[in-house]
Amino acid sequence: MAGRKSKNKGVRSASTSDDKDRHTTDIKAMFSDILKEIKELKEQNDNFRERKLNNQTYTTPGKKKNIIIKSKDLNGDPPSEINTKVKNILQKLDYTGEYKKATYIGKDRLNNGIVRVELGKMEDKINILKKKINLKGDDCYVDPDLTRQEREIQQKIRRARDERERQHCKSGLPKTTHK
């Protein structure tokens, strides 16, 4: 009987070593699969971060105090002339404070010159935007400086509002007023 036990132990150890080898290769295969998945997830995360940075989902800190002025008078003039024209426009809005910088950006589809004005305080921006109604009839427009995504959102809101107004007009309901 003692001989049988030793034979069984030898068989067991041989099969145990084969099992260990199989388990080791299985574990190595699973480990390599896990490493591949981790690498793919890291790449997806990096791509997501790049897309998020490119989309600029939130207002960038530099744009918070900026305004955009569009006018036929603002063309590709030298910076000194642009500064005087911007000062004249801001004076029409009863703004006597100083601004940091006025940068000519280009022209829009209506051939208006576009200038970005960097203001010193957020309160200045709010006051200018409140008084922009004073420019009515001057063919001059003042808007907040928005990111591309914020402009797209505003455009969707305007389209939805216009569509709702068209539906009200067709149904005979009174037109809604906007402030």
Side-chain angles (χ1 to χ4, degrees), residues 40-179:
E40 290 174 4
L41 290 172
K42 282 183 179 180
E43 289 174 2
Q44 289 175 358
N45 189 25
D46 291 342
N47 291 339
F48 176 75
R49 284 183 184 176
E50 288 176 12
R51 281 188 307 218
K52 189 172 182 179
L53 289 175
N54 290 339
N55 286 340
Q56 295 178 354
T57 55
Y58 301 104
T59 304
T60 54
K63 289 187 174 231
K64 283 187 176 183
K65 299 177 191 173
N66 297 350
I67 59 171
I68 299 292
I69 299 177
K70 298 177 186 177
S71 175
K72 296 260 186 219
D73 297 337
L74 299 170
N75 295 320
D77 298 329
S80 60
E81 288 184 35
I82 287 178
N83 283 329
T84 56
K85 291 178 181 179
V86 167
K87 284 181 184 178
N88 290 338
I89 291 170
L90 293 177
Q91 284 176 352
K92 291 179 185 177
L93 300 173
D94 300 327
Y95 179 73
T96 56
E98 291 293 317
Y99 57 89
K100 291 181 181 178
K101 185 178 174 184
T103 307
Y104 179 77
I105 297 174
K107 293 188 176 193
D108 65 359
R109 59 190 161 116
L110 299 174
N111 214 20
N112 291 329
I114 303 173
V115 174
R116 177 188 307 119
V117 180
E118 298 176 20
L119 300 169
K121 300 177 194 169
M122 187 67 170
E123 294 83 26
D124 294 340
K125 176 182 177 177
I126 292 169
N127 290 333
I128 289 172
L129 292 174
K130 283 180 180 178
K131 294 180 182 180
K132 72 180 186 177
I133 192 73
N134 295 342
L135 294 174
K136 194 170 189 174
D138 287 348
D139 202 25
C140 182
Y141 308 95
V142 177
D143 296 309
D145 191 8
L146 303 174
T147 62
R148 172 174 279 156
Q149 185 172 12
E150 289 169 330
R151 287 192 302 267
E152 290 171 356
I153 291 169
Q154 292 295 323
Q155 187 178 26
K156 287 178 184 178
I157 291 170
R158 277 193 299 275
R159 286 181 181 164
R161 181 192 66 209
D162 293 344
E163 181 64 28
R164 189 176 65 233
E165 285 179 0
R166 275 186 252 130
Q167 288 176 353
H168 280 280
C169 291
K170 289 178 183 177
S171 65
L173 296 173
K175 188 175 181 180
T176 58
T177 57
H178 305 287
K179 293 182 181 181

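Closest non-hydrogen pair, Lys65 versus Met122, comes out as CG-N, 4.3 Å.
We find that Asp143 and Lys132 are joined by a salt bridge, their nearest charged nitrogen and carboxylate oxygen being less than 4.0 Å apart.
Proximity of Leu119 to Ile128: side-chain heavy atoms (C-beta onward) are separated by under 4.5 Å at one or more points. Looking only at side-chain heavy atoms (C-beta outward), Pro144 and Leu129 come within less than 4.5 Å of each other. Using a 4.5 Å heavy-atom threshold, the side chains of Arg161 and Arg164 count as touching. Counting heavy atoms from C-beta outward, Ile126 and Lys121 have side chains that stay 4.5 Å or more apart. Residues Asp94 and Asn134 are in side-chain contact: their nearest non-hydrogen atoms beyond the backbone lie under 4.5 Å apart. The closest side-chain heavy-atom distance from Val86 to Ile67 is not below 4.5 Å. Taking the side chain as every heavy atom from C-beta outward, Ile105 and Ile68 approach each other to under 4.5 Å.
Residue Ile89 is tested with Asp138, Ile69, Val117, Asp73 for a side chain to side chain contact (heavy atoms under 4.5 Å, CB included); the sole match is Ile69. Asp145 pairs with exactly one of Arg151, Lys70, Lys125, Arg116 by the salt bridge (Lys or Arg N to Asp or Glu O under 4.0 Å) rule, that one being Arg116.
Here Asp108 pairs with nothing under the salt bridge (charged side-chain N to carboxylate O under 4.0 Å, His left out) rule; sequence neighbours left out.
For the pair Glu43 (side chain) and Glu40 (backbone), a donor-acceptor distance under 3.5 Å is absent.
For the atom pair CD (Gln155) and CG (Leu146), the distance works out to 12.0 Å, reported to the nearest 0.5 Å. Rounding to the nearest 0.5 Å places CD1 of Ile133 at 14.5 Å from NZ of Lys130. Note: Lys100 NZ to Asp124 CG = 10.5 Å, rounded to the nearest 0.5 Å.
Heavy-atom contacts from other residues, nucleotides or ligands closer than 6.0 Å to NZ of Lys101 number 12 or fewer.
The side chain to side chain donor-acceptor pair (under 3.5 Å) pairs that include a residue from residues 81-91 are Asp77-Lys85, Asn83-Tyr99, where partners are two or more places apart or lie in different chains.
Residues Tyr141 and Asn112 have side chains that never bring a donor and an acceptor to within less than 3.5 angstrom of each other.
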